[in-house]
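Chain letters run A, B, ... following the sequence lines, proteins first, then strands; residues in each count from 1. All of these numbers come straight from a predicted model, not from anything done at the bench.
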Number of protein chains: 2
Amino acid sequence: MIQLDEIDHALLRALSRDATQTAGALGRELGLSQPAAWRRIRRLQEAGIITGRKLDLDAGKLGFGVTVFLGIKLATKGRVSLEDFERAVSAIPEVQTVEHILGMYDYRLRVTARDIADFERVLRRRVMTLPGVGSVDANVLLSEERRPGPLG
Amino acid sequence: MIQLDEIDHALLRALSRDATQTAGALGRELGLSQPAAWRRIRRLQEAGIITGRKLDLDAGKLGFGVTVFLGIKLATKGRVSLEDFERAVSAIPEVQTVEHILGMYDYRLRVTARDIADFERVLRRRVMTLPGVGSVDANVLLSEERRPGPLG
DNA sequence: TTTGAAAAGTGATAACA
DNA sequence: TGTTATCACTTTTCAAA
């Protein structure tokens with residue numbers, strides 16, 4: 001595992017807030033030359049710490065006003081059924097996140113839909129028919145705050 | 001609300017996979033000139049559809065090997081206690097996501113820690129002492145898959 | 001209006017001290 | 001690591017469909 005110093009952490013913190021910042025601007029902020037900052041960022045990528053950059057989209061403005069978290073318990077938990085379940089769930093376009101978890105649920109899904117009627121369609125036609133599903137609990141997203149966490 | 005055509009959706013789909021792609025490369029892929037692709041991307045930003053670009057970090061490589069989802073029910077649910085709770089939870093650095101939800105839980109937190117011992121510290125010292133907390137359920141993240149969803 | 005071509009400005013990447 | 005140099009991308013301008 002690669003060793004990171006204060007400056008690396010400051011870079012990660014700054015980029016966690018806004019990944020569009022240029023190496024030059026970050027260097028200026030941290031008292032580094034532009035190529036020095038750039039090389040550190042590349043090092044973080046090559047070490048696999050920065051794995052990519054993703055868009056932040058406003059789902060509501062794209063017509064997807066409903067986000068629901070589903071907690072799923074499987075009925076049968078053999079290895080085969082886990083793989084079957086994961087393959088099937090990956091084919092549902094409305095599923096944004098599949099989390100395999102340990103605890104009171106086996107899987108947690110983040111599902112987005114245009115409205116409640118659209119969500120009901122996804123739930124009945126796609127989710128309830130997934131192979132091995134035992135029970136499904138739902139929570140509707142009201143608001144969300146993402147924080148940098150201790151990583152950056 | 002802004003009207004999007006096929007090309008805009010293709011751009012969003014491509015950028016959802018990898019937000020580092022250049023306007024020139026995207027234009028070539030979609031049969032558009034470089035400035036045309038660039039202007040469309042800028043339009044999506046100005047319309048508030050693209051709200052930013054965030055880093056994808058490998059928490060494990062940064063020494064945070066444990067991610068836990070907490071489902072929290074509040075004991076008292078007045079407006080004041082929601083705000084108190086949110087303010088207090090935002091001050092915990094290990095919390096990466098705060099989701100206000102409707103259903104069997106009131107809040108869902110994504111918490112990351114170095115190991116189980118570290119997580120226990122966060123849970124006992126920070127989470128259990130949050131104002132208004134009724135009960136806390138936990139699920140440990142085993143693996144996670146993020147998908148573009150229907151947005152892009 | 002949205003497009004493509006061209007040009008100017010800025011950042012990314014490489015070579016080198 | 002910083003300096004310099006080059007190349008690529010971004011951003012603006014402008015003219016045409």
Side-chain angles (χ1 to χ4, degrees), chain A residues 1-64 114 146 148-152, chain B residues 1-63 146 148-152:
Chain A
M1 182 148 60
I2 186 178
Q3 197 62 15
L4 305 184
D5 62 13
E6 282 305 312
I7 299 178
D8 290 312
H9 279 106
L11 282 171
L12 287 174
R13 228 175 300 126
L15 283 171
S16 291
R17 270 184 270 119
D18 173 14
T20 66
Q21 292 174 98
T22 67
L26 291 167
R28 240 168 288 133
E29 207 172 308
L30 301 172
L32 235 61
S33 75
Q34 190 257 22
W38 181 82
R39 276 190 294 254
R40 280 172 179 268
I41 295 168
R42 189 180 57 175
R43 217 173 101 251
L44 292 168
Q45 288 172 162
E46 285 167 351
I49 292 172
I50 297 176
T51 56
R53 292 169 165 82
K54 285 273 176 64
L55 278 195
D56 258 3
L57 294 177
D58 185 325
K61 294 218 168 132
L62 282 165
F64 287 85
R114 301 197 162 274
R146 287 187 199 182
L151 307 179
Chain B
M1 184 146 60
I2 187 177
Q3 197 62 15
L4 305 184
D5 61 13
E6 282 304 312
I7 299 178
D8 290 313
H9 279 105
L11 282 170
L12 287 174
R13 230 175 299 126
L15 282 171
S16 291
R17 271 184 268 118
D18 173 15
T20 66
Q21 293 174 98
T22 67
L26 291 168
R28 242 167 285 134
E29 207 173 309
L30 301 173
L32 234 62
S33 76
Q34 189 261 11
W38 181 83
R39 276 189 294 254
R40 279 171 181 269
I41 295 168
R42 189 181 57 175
R43 216 172 100 253
L44 292 168
Q45 288 171 163
E46 285 167 351
I49 291 172
I50 297 176
T51 56
R53 292 170 165 82
K54 288 274 178 64
L55 279 196
D56 258 2
L57 294 177
D58 185 326
K61 293 216 168 134
L62 282 164
R146 286 187 199 181
L151 307 181

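- Regarding A:Ile41, its CD1 atom lies at a distance of 12 Å from the P atom of D:dT1, rounded to whole Å.
- When all heavy atoms of B:Leu11 and B:Ala37 are compared, the closest pair comes out as CD1-O, 4.3 Å.
- A:Arg28 places its CZ atom 10 Å from the P atom of C:dA12, with the value rounded to the nearest Å.
- In this structure, CG of B:Asp8 is placed 14 Å from C1' of C:dT3, rounded to the nearest angstrom.
- Looking at B:Arg53 and B:Gln45, their side chains do bring a donor and an acceptor atom within 3.5 Å of each other.
- As a whole-Å value, the separation of A:Arg53 CZ from C:dG11 C1' is 13 Å.
- Of the candidate nucleotides D:dC9, C:dA12, D:dT3, D:dC9 has the atom lying nearest to any side-chain atom of B:Gln34.
- B:Arg40 comes within 4.0 angstrom of the backbone, heavy atoms only, and of no base.
- Among the nucleotides C:dT3, D:dT3, D:dC9, the one closest to any side-chain atom of A:Ser33 is D:dT3.
- Mapped onto DNA chain C by nearest heavy atom, A:Arg39 and A:Gln21 fall at different nucleotides, with A:Gln21 at the one closer to the 5' end.
- One distance of note links CG of A:Leu44 with NE2 of A:His9; it measures 9.0 Å at 0.5 Å rounding.
- Using a cutoff of 4.0 Å between basic side-chain nitrogens and carboxylate oxygens, A:Arg13 and A:Asp8 are not scored as salt-bridged.
- Among the nucleotides C:dT2, D:dT4, D:dT10, the one closest to the side chain of B:Ala23 is D:dT10.
- In this structure, CH2 of A:Trp38 is placed 5 Å from P of C:dT13, rounded to the nearest angstrom.
- Taking NZ of B:Lys54 as the start and CG of B:Asp56 as the end, the distance is 11.0 Å to the nearest 0.5 Å.
- Taking atom CG of residue B:Leu26 and atom P of nucleotide D:dC9, one finds them 11 Å apart after rounding to whole Å.
- In this structure, B:Leu32 atom CG and C:dT2 atom P are separated by 12 Å, rounded to whole Å.
- Residue contacts for A:Ala25: at a heavy-atom cut-off of 4.0 Å it reaches no nucleic acid atom on any strand shown.
- Separating the CZ atom of A:Arg42 from the P atom of C:dA15 is a distance of 10 Å, rounded to the nearest angstrom.
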